[in-house]
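Numbers here simply count residues along the sequence, with the first being 1. Just follow the structure's listing: the first ligand is 1, and inside any ligand the first atom is 1. Everything numeric in this text was worked out from a predicted model, so none of it was measured.
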Amino acid sequence: MNDTLKIGEVTIERTAALAPMAGVADRAYRLMSKKYGAAYVISEMVSAKGICYNDRKTAELCTVTDEERPMAVQLFGNEPDFMAEAVKIVLDYSPDIIDINMGCPVPKVVGTGAGSALMKNVKLAADVVEAAVKAAGSTPVTVKIRSGWSADSINAPEMAKALEAAGAAAIAVHGRTRDMFYSGESSIDVVKAVKKAVSVPVIGNGDIINADSCVKMYRETCCDLVMIGRGSYGNPFIFQEIAAKLHGKIYTPPDLEEKMKVMLEHIRLILELSEKCEELAMHEARKHAAWYMNGYYGSAKFRGRCYQLSSYAEAEALAAEFIELQRQHKINKM
Ligand SMILES: Cc1cc2nc3c(=O)[nH]c(=O)nc-3n(C[C@H](O)[C@H](O)[C@H](O)COP(=O)(O)O)c2cc1C
């Protein structure tokens, strides 16, 4: 297996990428993922039309810092002209790659004809990509799709072929239909079928939760890169675990103290990068804190308490209390 892949002229390590996740994978999250070895990261999705109308969130969502590279900015939209205009604006932020979202299932996006609604209109999807590719010049344009709209209309291979013909430089596939949203099982077979259908790189996505499931995705689909979403919640270590496994190295998972240290580092980064006051920025940090505490004795109660955090000092105290609880629990079990 090659150690790297190329999307256009962008070289990416063939370990695991962080999936785009609106409301989750913000700059702090991406930087934490990079620190633990994410090979490639993608911005939260940005509306192409919103950019053209100078949405105030554009700069915050499109900025690419050097520590995040290689990084894509992801756009969604279903109008070729707006997409082309948005791509030109986004180029000012110098993304390594521009990705187009054709997988988002949420009614607000699908209702406009964008996101996974484009899985039902392959011709328009290809027109959107063609317009983006023309506007992007030498910056590669990639597309993230789902397996199809519903179980009786699985068309990811056909869609991928049409997008490749329109100039897409890589295709990422989440092996669920739009109807499934995020439930049920993601299909590895669909990723495999897309890989067979196109010659541009294919990125396999869906239900990767550890090194074993990542290796399975590589082995069974021959995909060029694996992308991880929810498996990285409170777990930036997953990228380290995967890189170790793929490079034949021994991996030692972090103990709880190390995890809590990393959780606090993540919270500090959220506070540092936020323009909001500490209390409001802590609202952003709460879910992340809760995820880092998953899977331990008494987690449910502590996760609930995470959702009440309103200062960094409180987070520090909660982490110390959580560590102490696990220590006591271990002693009691002996
Ligand atoms: C909270 C959340 C936000 C998401 N936002 C985006 C997004 O902005 N763009 C996108 O292409 N996919 C988005 N996705 C889909 C993920 O990128 C990914 O395809 C999906 O979660 C399946 O991968 P997983 O099983 O590893 O989580 C989002 C998923 C979640 C859970």
Should the heavy atoms of other residues, nucleotides or ligands under 6.0 Å from NZ of Lys6 be counted, would the total exceed 12?
yes
Protein residues that have a heavy atom under 4.0 Å from any atom of ligand 1, sorted by chain and number:
Ala19, Pro20, Met21, Ala22, Val24, Met45, Gln74, Asn101, Lys144, His174, Tyr182, Asn205, Gly206, Asp207, Ile228, Gly229, Arg230, Tyr233
Test Phe237 against Tyr36 for ring-ring contact (aromatic ring centres under 6.0 Å, His included), laying out the working first.
CA-CA 6 Å; Phe237 319 104; Tyr36 286 91; 5.2 Å; yes
Does a side-chain N-to-carboxylate-O contact under 4.0 Å join Asp99 and Lys144?
no
Assess whether side-chain hydrogen bond (donor to acceptor under 3.5 Å, both in side chains) is satisfied between Ser199 and Glu164, documenting all intermediate values.
CA-CA 8 Å; Ser199 44; Glu164 179 183 39; 2.9 Å; yes
Does Ile270 share a hydrophobic cluster with Val24, counting links as ILVMFWY side-chain heavy atoms below 4.5 Å and allowing steps through other members?
no
Does Arg146 count as lying over the ring of Tyr182, i.e. NZ or CZ under 6.0 Å from the six-ring centre, within 45 degrees of the axis?
yes
